[in-house]
Amino acid sequence: MTEIEMTDGNFCQVIGEFFKKLLGSSIVEAVLVPQEISGNVVQSLVCSHEKIENVNPLAPVLPVNSARIVSKLTTKDSDQKIAAMLRPCEIRALVELVKLKQAKIDNLLIVGIDCFGTYSVSDYVSKNNEHNNDGSVTIDFLKGIQVNKEISEIRTACRLCHHFVPENSDIAINLMGRDLNKKIVIRAGSDEGKRVLEELGLEDTPESKEREVAVEREKDRRRKLKEEIEKEAVDFLQVISSLCINCQNCRNVCPICYCKQCVFEGPISEYSKEKYLSWARKKGLLRMPEDILLFHFTRMSHVLTSCVACGQCEAACPNKIPLGRKYHRLSNEVQKMLEYEAGRSIDEELPLSAFREDELEAIES
Amino acid sequence: MAEFEPKIIAFLCNWCSYAGADLAGTSRIQYPTNVRVVRLMCSGALDPLYVYRALIEGADGVLIGGCHPGDCHYTNGNYKARRRVAVLKKILQEFGLEDRVWLRWISASEGQRFAETVREMVENVRSKGPNPLLRL
Ligand code: SF4
Ligand code: SF4
Ligand code: FES
């Protein structure tokens with residue numbers, strides 16, 4: 001464990017220094033890091049350490065689930081090694097994409113970080129504007145977190161999330177259970193991570209007791225929140241039929257939605273006028289566009305087994321359909337039923353291509 | 001008003017359940033005419049989309065038939081189908097439709113079992129009433 005001493009609130013700078021060091025070491029060709037750009041914090045791909053100027057992986061905002069970005073960067077073969085700074089839900093989505101053969105991690109150094117939650121992009125950007133982009137939104141957010149303040153802007157998906165510490169990272173930046181004004185901790189999560197830290201002249205020592213306690217306490221707090229949120233029943237059929245405009249934003253931003261060409265873009269969803277009329281005759285009235293429910297059913301069938309409950313679908317929905325909450329609960333139930341957990345391990349087989357002979361007997365009616 | 005007659009779409013695998021349905025026919029076993037059969041090569045070839053499409057277009061029930069565990073002619077298609085159907089039923093549960101989809105293992109020699117399944121399912125679906133999605 002490398003402990004880096006802090007002076008008040010300069011953690012972003014400290015993490016930036018770490019990435020500069022990494023780039024300077026020629027261990028990696030480039031790094032993917034969140035930086036402040038135009039009043040938001042977005043991922044940036046950087047090859048030269050001079051361009052690491054405004055790193056801020058702690059800003060409470062997640063414009064895209066970066067598993068999609070890593071997929072873009074790695075699906076075509078490349079020998080160049082890059083490092084990517086990812087939140088836990090991004091790493092978990094990436095693990096699923098690797099299994100779905102839509103990303104590669106052989107030449108990727110994953111740097112994970114504890115996640116305290118995120119605001120919507122518009123909430124974050126407007127707050128940031130109010131404060132003239134002076135970085136205080138992040139600092140106030142972290143101060144609030146440290147004293148367990150209830151922050152109403154945190155997205156529901158993040159409130160519900162119980163995977164807020166990075167699993168499967170090569171290097172992990174630990175924040176939980178630490179006084180962020182005093183020090184942050186950089187730890188190795190894999191042999192590769194250990195090697196890299198060594199090469200950078202940073203040591204690795206075991207996990208601390210305070211951290212374990214803090215993580216457990218946080219899990220407990222979120223469990224209670226989850227119970228509360230789940231009490232509000234949502235009639236999904238009703239909500240979808242009234243609010244969904246079939247823009248398919250939810251599918252476009254989902255890191256898991258994996259088909260290269262969506263069935264709803266292919267010829268099977270192009271019908272003749274006669275087909276439409278025959279539906280209209282049969283039903284008496286055909287709601288148009290007609291495939292909304294089929295779209296949702298199918299999307300659920302495709303993604304629930306690998307959904308990481310990041311809530312990006314909900315964030316992208318123009319009509320604020322509470323998709324995140326639905327997918328959180330349903331994916332949890334489905335994955336539990338199949339003894340699977342999205343993002344847990346690269347080696348676990350995708351549940352719909354595997355089976356056990358002695359399971360699910362009750363499914364037969 | 002005429003009594004509600006449920007419409008059941010059955011997706012049956014070629015090697016067992018379809019042959020079972022065929023046997024019911026050739027042995028002249030009586031069963032309700034509410035069922036329309038779609039033959040698949042294997043229950044493992046069932047895309048959940050077929051089931052959703054059937055329900056959205058107004059089927060009151062969907063029966064999925066496959067070989068008994070261990071007997072699938074493609075080794076394990078029915079085990080994979082079972083997982084897929086389990087997920088599908090979880091999804092349909094959100095919409096109150098899970099009991100309208102049945103999975104049954106019916107072998108080529110079980111004509112009687114096929115007829116009984118259809119009878120049982122038709123009665124069960126009749127008591128539930130028409131598929132609520134037809135309104136949408
Ligand atoms: S379905 Fe929604 S919550 Fe699940 S992985 Fe996709 S975007 Fe994230
Ligand atoms: S983003 Fe919202 S409105 Fe658009 S298709 Fe998805 S659920 Fe429907
Ligand atoms: S052939 Fe009958 S279930 Fe596979």
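Residue numbering restarts at 1 for every chain, and letters A, B, ... go by the order of the sequence lines. Only this structure's heavy atoms are used, side chains among them; waters, hydrogens and symmetry mates stay out.
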Student: Is the ring pair B/F95/A/F236 parallel, tilted or perpendicular, if the boundaries are 30 and 60 degrees?
Tutor: tilted
Student: Identify which part of B/P69 has an atom lying under 4.5 Å from any heavy atom of chain A, answering side chain, backbone, both or neither.
Tutor: neither
Student: Please classify the contact between A/M300 and chain B as side chain, backbone, both or neither, with a heavy-atom cut-off of under 4.5 Å.
Tutor: both
Student: Answer yes or no: is there a donor N or O on one side and an acceptor on the other, between the side chain of B/R53 and the main chain of A/L294, under 3.5 Å?
Tutor: no
Student: With a 4.5 angstrom heavy-atom cut-off, is it the side chain or the backbone of A/L304 that approaches chain B, or both, or neither?
Tutor: side chain
Student: Given a strict heavy-atom distance threshold of 4.5 Å, which part of B/L55 is in contact with chain A: side chain, backbone, both, or neither?
Tutor: neither
Student: Which bit of A/I363 is near chain B, if near means a heavy-atom gap under 4.5 Å: side chain, backbone, both or neither?
Tutor: both
Student: Tell me, yes or no, whether the heavy-atom count around B/K128 atom NZ, taken from other residues, nucleotides or ligands under 6.0 Å, exceeds 12.
Tutor: yes
Student: Chain A heavy atoms under 4.5 Å from B/K89: which part of the residue, side chain, backbone, both or neither?
Tutor: side chain
Student: Tell me if the CD atom of B/Q30 is crowded by more than 12 foreign heavy atoms within 6.0 Å.
Tutor: no
Student: Compare every heavy atom of A/S301 with every heavy atom of B/Y52, then report the nearest pair and how far apart it is.
Tutor: OH-OG, 2.7 Å
Student: Please find the pair of heavy atoms, one from A/K283 and one from B/I56, that lie closest to each other, and give the distance.
Tutor: NZ-O, 2.7 Å
Student: Side chains of A/E359 and B/R83: closer than 4.5 Å at any heavy-atom pair?
Tutor: yes
Student: Report which part of A/A354 has an atom under 4.5 Å of a heavy atom belonging to chain B: side chain, backbone, both, or neither.
Tutor: both
Student: Passes side chain to side chain contact (heavy atoms under 4.5 Å, CB included), B/K80 versus A/L352? Steps please.
Tutor: CA-CA 7 Å; B/K80 291 181 181 160; A/L352 291 186; over 6 Å; no
Student: For the backbone of A/F355 and the side chain of B/R82, can you confirm whether one donor and one acceptor N or O come within less than 3.5 Å of each other?
Tutor: no
Student: Are any non-hydrogen side-chain atoms of B/L92 and A/F297 less than 4.5 angstrom apart?
Tutor: yes
Student: Counting heavy-atom pairs under 4.5 Å to chain A, which of B/G96, B/A86, B/G70, B/G44 comes out on top?
Tutor: B/A86
Student: Does a sphere of radius 6.0 Å around CH2 in B/W102 hold more than 12 heavy atoms from other residues, nucleotides or ligands, not counting ones at 6.0 Å or beyond?
Tutor: yes
Student: If I measure from the heavy atoms of chain B, does A/D291 come under 4.5 Å with its side chain, its backbone, both, or neither?
Tutor: side chain
Student: Hey, what do you get for CG (B/L97) to CG (A/L237), rounding to the nearest 0.5 Å?
Tutor: 7.5 Å
Student: What distance separates B/R84 CZ from A/S353 OG, expressed to the nearest 0.5 Å?
Tutor: 9.0 Å
Student: Distance from A/L360 atom CG to B/L103 atom CG, nearest 0.5 Å?
Tutor: 10.0 Å
Student: Check whether B/V101 gets within reach of chain A through its side chain, its backbone, both or neither, counting any heavy atom under 4.5 Å.
Tutor: backbone
Student: Can you tell me how far apart CZ (B/R104) and CD (A/E364) are? Round to the nearest 0.5 Å.
Tutor: 6.5 Å
Student: What is the distance from atom CD of A/E290 to atom CD of B/E57, rounded to the nearest 0.5 Å?
Tutor: 10.0 Å
